[in-house]
> 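Have a look at this one before I ask anything.
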Protein chains: 2
Amino acid sequence: MTKRIPSPHRPRVLAPIERVAGLDYDVLDELLGYSLRRAQVAIFHSFYEATRGLGVTPPRFTAMVVVGANPGISQSTLGSVLGIARSGAMTLTDWFEARGWVERRRAPSDGRAWGLHLTPRGEKLVAGMKRRVAEGDLKRAASLTAKERRELLRLLGKLAG
Amino acid sequence: MTKRIPSPHRPRVLAPIERVAGLDYDVLDELLGYSLRRAQVAIFHSFYEATRGLGVTPPRFTAMVVVGANPGISQSTLGSVLGIARSGAMTLTDWFEARGWVERRRAPSDGRAWGLHLTPRGEKLVAGMKRRVAEGDLKRAASLTAKERRELLRLLGKLAG
DNA sequence: CCAGATTGTAATGGTCTATAACAGTCCCGC
DNA sequence: GCGGGACTGTTATAGACCATTACAATCTGG
């Protein structure tokens, strides 16, 4: 057993999935799943550039935005928005609280629930991230016209809805 | 410490992400990332229906299709197609081999590499899966017209490319 | 023939998230 | 009012997935 230097905590970085030349992709090109996956990885790449060094993953970003836009939201509801279990929403909240970005305050109308609120520091952070992520998103979609981009959003919404 | 029944091995099932009524989604609806994610989860749901009981995840499905269409492909190349590291491609191959779906044969031109091939059983399985996944994909996209579906595929390809 | 690149492999660890169980709280019908 | 069922946050545990690192065998180009 040799000594190992522990790997640093790093958010996962998905490299863009290159198309391999001369390979037969068979039905994959006709399926929405594989195309969605490739597009998502590409977008994640620009997302990562936009949040470099903050340790913010897409779910975390989504959470921050939702808490910012809906102060007092409960952890359970946050979990629903993200599509994760309550326990996951809790881990997420702990992570934010440890960094002083979000704080839990007792919900006035429900003794069980916590209401989530951005701290001033969280506010500042999420504002900057929103700007940078939106920029990166647009840059990544530069190969699309504005009309195509809107159409893409519409179709994705229809698919998910 | 109470006794616990070990949870069964189960592929991850992502429930569809419902839109929470009365919630402010802020910029999320304007970003490709969140829309892609929701669409992907929706598609995964139909994918899961189509491969129920086989333990086949999207990357595994992709791998099977690619191996089927490119007999003799190396593990490294397979990893590139999937966007994962060599070590991951190996775990994947082990999984297939343990089920008798794929076999490794020495590559004639390179003493280091293995060539991957579907077994007869693998051939049969992948054929059935391809059919069912394509069906599920179409059913999931039933809210789109054929033209919209083609347009969606085109736009996703542009985005990823 | 040799240096450097590439292939498969093994060991290890990190991250994310689910499941289960629990206590406290809420709600609704009686 | 009150009692059962539903819901909230929490904790503990475990599984799935994947990267990194290191290593031996093999290939390639000068």
> Base, sugar-phosphate alone, or nothing: which one does Gly88(B) contact when heavy atoms must sit under 4.0 Å apart?
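Nothing: the residue Gly88(B), judged by heavy atoms under 4.0 Å, touches no strand.
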> Tell me: CZ of Phe96(B) to P of dG8(C), nearest whole Å?
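From Phe96(B) CZ to dG8(C) P: 15 Å.
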> Can you tell me how far P of dT9(C) sits from CH2 of Trp95(B), to the nearest Å?
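Interatomic distance, CH2 of Trp95(B) to P of dT9(C): 18 Å.
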> In whole angstrom, what separates Arg37(A)'s CZ from dC18(D)'s P?
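Whole-Å distance recorded here is 7 Å.
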> Each residue besides Leu152(A) in its hydrophobic cluster should be listed here, by chain and number; the cluster joins Ile, Leu, Val, Met, Phe, Trp and Tyr at side-chain heavy-atom distances under 4.5 Å.
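Leu32(A), Leu36(A), Ile43(A), Leu144(A), Leu153(A), Leu155(A), Leu156(A), Leu159(A), Leu32(B), Leu36(B), Ile43(B), Leu144(B), Leu152(B), Leu153(B), Leu155(B), Leu156(B), Leu159(B), all in the cluster of Leu152(A).
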> More 5' along DNA chain C: Thr91(A) or Ser109(A), using each one's nearest nucleotide?
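Looking at the nearest nucleotide for each, Thr91(A) comes out on the 5' side.
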> Measure from CD1 on Ile84(B) to P on dT20(D) and round the result to the nearest Å.
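My rounded result for the distance is 13 Å.
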> Rounded to the nearest Å, what distance is computed from the CZ atom of residue Arg105(B) to the P atom of nucleotide dG8(C)?
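Interatomic distance, CZ of Arg105(B) to P of dG8(C): 16 Å.
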> Find out whether the Lys NZ or Arg CZ of Arg60(B) is both under 6.0 angstrom from the six-membered ring centre of Trp95(B) and within 45° of the ring's axis.
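Yes, cation above the ring, under 6.0 Å and within 45°.
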> Please state how far atom CG in Leu116(B) lies from atom C1' in dG8(C), giving the value in whole angstrom units.
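So the CG-C1' distance, Leu116(B) to dG8(C), works out to 11 Å.
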> Is a donor-acceptor pair below 3.5 Å formed from side chain Ser87(A) to base dT19(C), judging by atom type as modelled?
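Check passes, donor-acceptor contact within cut-off.
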> Tell me whether the rings of Phe61(B) and Phe47(B) are parallel (<30°), tilted (30 to 60°) or perpendicular (>60°).
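It falls in the perpendicular class, over 60°.
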> Can a salt bridge be assigned to the pair Glu148(A) and Lys158(B) using a cut-off of 4.0 Å between side-chain N and carboxylate O?
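Result for this pair is yes, salt bridge flagged.
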> Would you say the side chain of Ile17(B) lies within less than 4.5 Å of the side chain of Tyr34(B), judging by non-hydrogen atoms?
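Yes - at least one pair of side-chain heavy atoms lies under 4.5 Å apart.
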> Going 5' to 3' along nucleotides 2-9 of chain D, which nucleotides have protein heavy atoms under 4.0 Å from the base (write B), which only from the sugar-phosphate (write S), and which from neither (write -)?
-----BBB
> Between P on dA18(C) and CG on Leu92(A), what's the gap in Å once rounded to a whole number?
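So the two atoms are 11 Å apart, to the nearest Å.
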> With sequence neighbours left out, which residue pairs that include part of residues 64-87 of chain A fulfil the side chain to side chain donor-acceptor pair (under 3.5 Å) condition?
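For residues 64-87 of chain A: Ser74(A)-Thr77(A), Gln75(A)-Arg104(A).
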